[in-house]
2 protein chains.
Amino acid sequence: MSEYEAGDAPEPSLARRVPDLAALELLLAVARLGSLGRAAKAVGVSQPAASARIRSMERQLGVALVHRSPAGSRLTDAGGVVTEWARRVVEAAEAFDAGAAALRGRRDSRLRVTASLTVAEYLLPGWLVALRAARPETAVSLQAGNSVAVAAQVRAGAADLGFVEGSGVPEGLDGAVIGHDRLLVVVAPSHPWARRRRGLPPAELAGAALVLREQGSGTRQVLDEALAPYGGLGVPLLELASTTAVKSAAVTGAGPAVLSELAVADEVAARRLVAVGVSGLDLTRALRAVWPRGQRPSGPARDLLSLTRTGKGA
Amino acid sequence: MSEYEAGDAPEPSLARRVPDLAALELLLAVARLGSLGRAAKAVGVSQPAASARIRSMERQLGVALVHRSPAGSRLTDAGGVVTEWARRVVEAAEAFDAGAAALRGRRDSRLRVTASLTVAEYLLPGWLVALRAARPETAVSLQAGNSVAVAAQVRAGAADLGFVEGSGVPEGLDGAVIGHDRLLVVVAPSHPWARRRRGLPPAELAGAALVLREQGSGTRQVLDEALAPYGGLGVPLLELASTTAVKSAAVTGAGPAVLSELAVADEVAARRLVAVGVSGLDLTRALRAVWPRGQRPSGPARDLLSLTRTGKGA
DNA sequence: ACTCACTCATAACCCCAGCTTATGAGCCGA
DNA sequence: TCGGCTCATAAGCTGGGGTTATGAGTGAGT
């Protein structure tokens, strides 16, 4: 009796078709160690369990992954390819884990970070993974919030280092620009704007019904300011609570959205969204690290800061 | 009695600390739809199941992710951040799935692709995801192999489109350069070479004991040729069967390795590996799409080809 | 040539994570 | 005040994945 009706999940879910993380980790271990048994030990399960897991993975994928022999197990060609794909998943999971560990936020952390949502969502996990690789002993705690909250935390000494996006260094703090963030107008590939060759006139953007974050969000402020000379932001098509929701709405073709390039990099690369140029409008804002005035970051804070300099932050 | 001894898995495995894919998908659905119940329906489970899953995820992560209210569920600040991290994992899983589906290779596919291991491992999944987004009805089959095998497949008409790395267009085929691949010398951050400021003299590279793929691999051939004028490749420190294994060895500090920049991009970004410059040595090779002479790609092949043009292929 | 040490596979058993359905309780708008 | 939405709780089932114990190959070393 449980009929579909959702209009959302046509296929039997990714999770059914992709092996779980434990299986992927096991596969990586096999690739690295050249034997099911050793891989089993490495991931902390019995050899039969590992054997069965790999086997069921091969059944699930419909592809032979390893050549078993009494001398050990070697990846097949397909196995090698799959293993590399698996590595990407595991790496994303590691970033997730590094972030989550920081978010869990033990108060005894050696480094207390507070960051704007944009930085926390898109940049920080990578830094944390790098930091963990370089200084495994550094426990980091993370508090995410808007720019005002970030500044307050740092000022109050509740965080050693903060990251904000915005036009200036908050009152009473020192800071350094570590990158830039540009807002992009994005539409689904089917949208007429996707086929424009010339940049969009700002007035047309201002007049359009857009999918936006709710009033008060950082990206919306920037957009408001930038469009003020052109009659200001029009009435939104949709106001949504999270960046993720806005992105989804744009992808499904609800309408044009304006989002950080960091937020939509993947979607643009995969052609799920198309960035539309806007002529003569500067939608760039600086990303800054901030700390209490006069107290130059040292120790763990300095370590983290140095990782941000050359990061992929555009 | 099961003592550690592996020297490999000190921590209780990622999979214990990261929610599984189904849970992450569910979280994305909640972010998108604003209600546990609707999200549950969207992913095809009952509402109590969704509720429990989110709750256990919050317990696992030690962070409140959603604000429940009789009017629906909104993400907390932390929840929004976590959701974005989750999205990255799910996207990697989607790439995995797209690749796996192609590898499973139904013979009735509309587009039969054959690709070198490098292309299949690092570039193709992204293209397949993009293709799926643009043309959901196109079923793709993938055969991975070395450049000779790829050429043979295309020549025999067993594939509509091939991708190879190497210096020339294989006999009897037409092709187009779609990108370039550079080999990088990489070492663990602790290795002395990591601190070099000047490029490495080729002779020193030739004389060094390196971690390499086994004889016959494409990357090894390029290296052999490039180093011939400098006394040729020295005796390897380690010969391993897969790119993955070589990478792991390099990361754990076994010694310098030479790998495609595509293969080590993530590791370099996360500072797990450091790229060492080599002065005056060209380790670049072209990546080419190839097809039977005279038969310009059309239909699905053309669709895919157009996606490769602007891809992230360096 | 024989044995040892390693490979992976099979069998029998067990357990708990996560699902389901049925139900209840709170809040909002008509 | 009623109906419809929200999420939470309870009780019960199922099966995937784990374990130990064992067997059957293969290759290397004496």
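Scope of the values below: all heavy atoms of this structure, side chains included, with no hydrogens, waters or symmetry mates. Predicted model only: the values in this text are computed from it and were never measured. Every chain is numbered from 1, with letters handed out A, B, ... down the list of sequences.
Nucleic acid contact class of Ser69(B) (heavy atoms, under 4.0 Å, all strands): sugar-phosphate only. Ser46(A) comes within 4.0 angstrom of a base, heavy atoms only.
Between Ile54(B) atom CD1 and dT6(D) atom P the separation is 15 Å, expressed in whole Å. Here dG16(D) presents its P atom at 12 Å from CD of Gln60(A), a figure rounded to the nearest Å. Rounded to an integer number of Å, the gap from Gln47(B) CD to dT21(C) P is 12 Å. As rounded to whole Å, 14 Å separates atom C1' of dT6(D) from atom CZ of Arg74(B). The interatomic distance linking Leu75(B) (CG) with dC7(D) (P) rounds to 12 Å, in whole Å. Rounded to whole Å, atom C1' of dA25(C) lies 16 Å from atom CZ of Arg68(B). Here the P atom of nucleotide dA8(D) and the NE2 atom of His67(B) are 13 Å apart, to the nearest Å. When rounded to the nearest whole Å, the span between CZ of Arg59(A) and P of dG16(D) equals 9 Å.
Each of Arg53(A) and Pro48(B) was assigned the nucleotide of DNA chain D with the nearest heavy atom; the assignment lying further toward the 5' end belongs to Pro48(B). Annotation: of the two residues near DNA chain D, Pro70(B) and Ala22(A), the 5′-most nearest-nucleotide partner is Pro70(B). Mapping Ser56(B) and Ser35(A) onto DNA chain C by nearest heavy atom places Ser35(A) at the nucleotide closer to the 5' end.
For the pair Glu25(A) and Arg53(A), the salt-bridge criterion is not met [side-chain N within less than 4.0 Å of a carboxylate O]. Using a 4.0 Å cut-off between charged side-chain N and carboxylate O, Asp266(A) and Lys247(A) make no salt bridge.
Counting only heavy atoms from C-beta outward, the side chains of Arg87(A) and Thr83(A) never approach each other to under 4.5 Å.
When distances run from any side-chain atom of Ser73(A) to the nucleotides dT7(C), dA8(D), dA11(C), the shortest one goes to dT7(C). Distances from the side chain of Ala49(B) to the nucleotides dC8(C), dT6(D), dT20(C) place dT20(C) closest.
Judged purely by distance below 3.5 Å, without hydrogens or angles, the side chains of Arg74(A) and Ser69(A) never pair a donor atom with an acceptor atom. Checking Arg32(B) against Thr244(A) by side-chain atom types alone, no donor-acceptor pair falls below 3.5 Å.
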